[in-house]
Amino acid sequence: MEKQNLETEFLDMLRNHNRIIYKVASFYTDENTSIDDLYQDVVLNLWKAFPNFRRESQFSTWIYRIALNTCVSFFRRSSKRPTFVKTMPEIKVETEENEAIAELYACINKLGKLERALILLYLEDRPYKEIADIMGITTTNVSTKINRIKDKLKQLSKN
């Protein structure tokens, strides 16, 4: 593919799926890490991988996979563990609901990195098949892990 066309297609894809990148990056941001830094790392990795994208999956599936891998690798390299997760700015809820969401995010933050990735995709209403493709595991494994994560979150919320 010609370089000009490649750049145009990449920028179009980036504009259309910007929310996915932002959401994943914000999910892995802590008070010591700028969301802009993570976002930039994800976009850079997407650009590097874009010429090799075979279009065997949807752009969104491919973007989630690279974004999650980038964020997990970022924290693995820096040996940091996020201590909180910001709620998304587009969430407009009543105070009581806001407290429940804050508690949920606090519990999610206590999960391991891969568990957080799975629950993020689940909360995004991604089909199990797509989650399996993104995470590189079977659909059955996705179902099992999500059920275990739900149980873990119930236990964490009781504490």
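Sequential numbering from 1 along the given sequence is applied to the chain's residues.
Separation of atoms CD1 (I108) and CG (L156) is listed at 10.0 Å; rounding is to 0.5 Å. The CG atom of L68 lies 10.0 Å from the CD1 atom of I20; values are rounded to the nearest 0.5 Å. Distance OG/S157 to NZ/K110: 9.5 Å, rounded to 0.5 Å. How far CD1 of I21 is from CD1 of I66: 9.5 Å, rounded to the nearest 0.5 Å. Atom CG of L153 and atom CD of E103 lie 10.0 Å apart (nearest 0.5 Å). Considering CG of L121 and CZ of R116, their distance stands at 13.0 Å, rounded to 0.5 Å.
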Check against side chain to side chain contact (heavy atoms under 4.5 Å, CB included), N109 and Y105: CA-CA 6 Å; N109 194 45; Y105 276 94; over 6 Å; no
Stepwise side chain to side chain contact (heavy atoms under 4.5 Å, CB included) test for V24 and V42: CA-CA 9 Å; V24 172; V42 171; 5.8 Å; no
Criterion side chain to side chain contact (heavy atoms under 4.5 Å, CB included) on I146 and I131, from CA distance to verdict: CA-CA 10 Å; I146 286 177; I131 295 172; 4.2 Å; yes
N16/M13 under side chain to side chain contact (heavy atoms under 4.5 Å, CB included): CA gap, chis, key distance, verdict: CA-CA 5 Å; N16 293 333; M13 179 272 308; 5.9 Å; no
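V43 has its side chain within reach of Y39: a pair of non-hydrogen atoms, C-beta onward, lies under 4.5 Å apart.
Taking D37 as the reference, nothing meets the salt bridge (Lys or Arg N to Asp or Glu O under 4.0 Å) condition, with sequence neighbours excluded. Taking the salt bridge (Lys or Arg N to Asp or Glu O under 4.0 Å) definition, one finds that K145 meets it with nothing, sequence neighbours left out. Listed by chain and number, the residues in a side chain to side chain contact (heavy atoms under 4.5 Å, CB included) with D12 are T8, R15 (sequence neighbours excluded). Every ring-ring contact (aromatic ring centres under 6.0 Å, His included) that F10 has, sequence neighbours left out, goes to W47, F50. By the side chain to side chain contact (heavy atoms under 4.5 Å, CB included) test, K48 is found to be paired with L44, N45, residues two or more places apart in sequence or in another chain being considered. Remark: R126 pairs with E130 by the salt bridge (Lys or Arg N to Asp or Glu O under 4.0 Å) rule, at least two apart or across chains. For F53, the ring-ring contact (aromatic ring centres under 6.0 Å, His included) partners are F59, W62, not counting sequence neighbours. With sequence neighbours excluded, the residues forming a side chain to side chain contact (heavy atoms under 4.5 Å, CB included) with N147 are S143, K150, listed by chain and number. Scored by the side-chain hydrogen bond (donor to acceptor under 3.5 Å, both in side chains) test, N69 finds no partners at all (sequence neighbours excluded). In this structure, Q155 has no side-chain hydrogen bond (donor to acceptor under 3.5 Å, both in side chains) partners at least two apart in sequence or on a different chain. Residues meeting the side-chain hydrogen bond (donor to acceptor under 3.5 Å, both in side chains) test with E124, sequence neighbours left out: R19, K23, Y64.
Not a single donor-acceptor pair under 3.5 Å links the side chain of S73 to the backbone N or O of T70. Counting only distance, with no hydrogens or angles, the side chain of T61 and the backbone of S57 share no donor-acceptor pair below 3.5 Å.
When the shell of 6.0 Å around CD of E7 is examined, it contains more than 12 heavy atoms from other residues, nucleotides or ligands.
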Show the atom names and distances, to 0.1 Å, of all donor-acceptor pairs under 3.5 Å that link a side chain in residues 132-140 to residues at least two apart or in another chain.
unit_1: D133; atom_1: OD1; unit_2: K129; atom_2: NZ; d: 3.0
unit_1: T138; atom_1: OG1; unit_2: N141; atom_2: N; d: 3.0

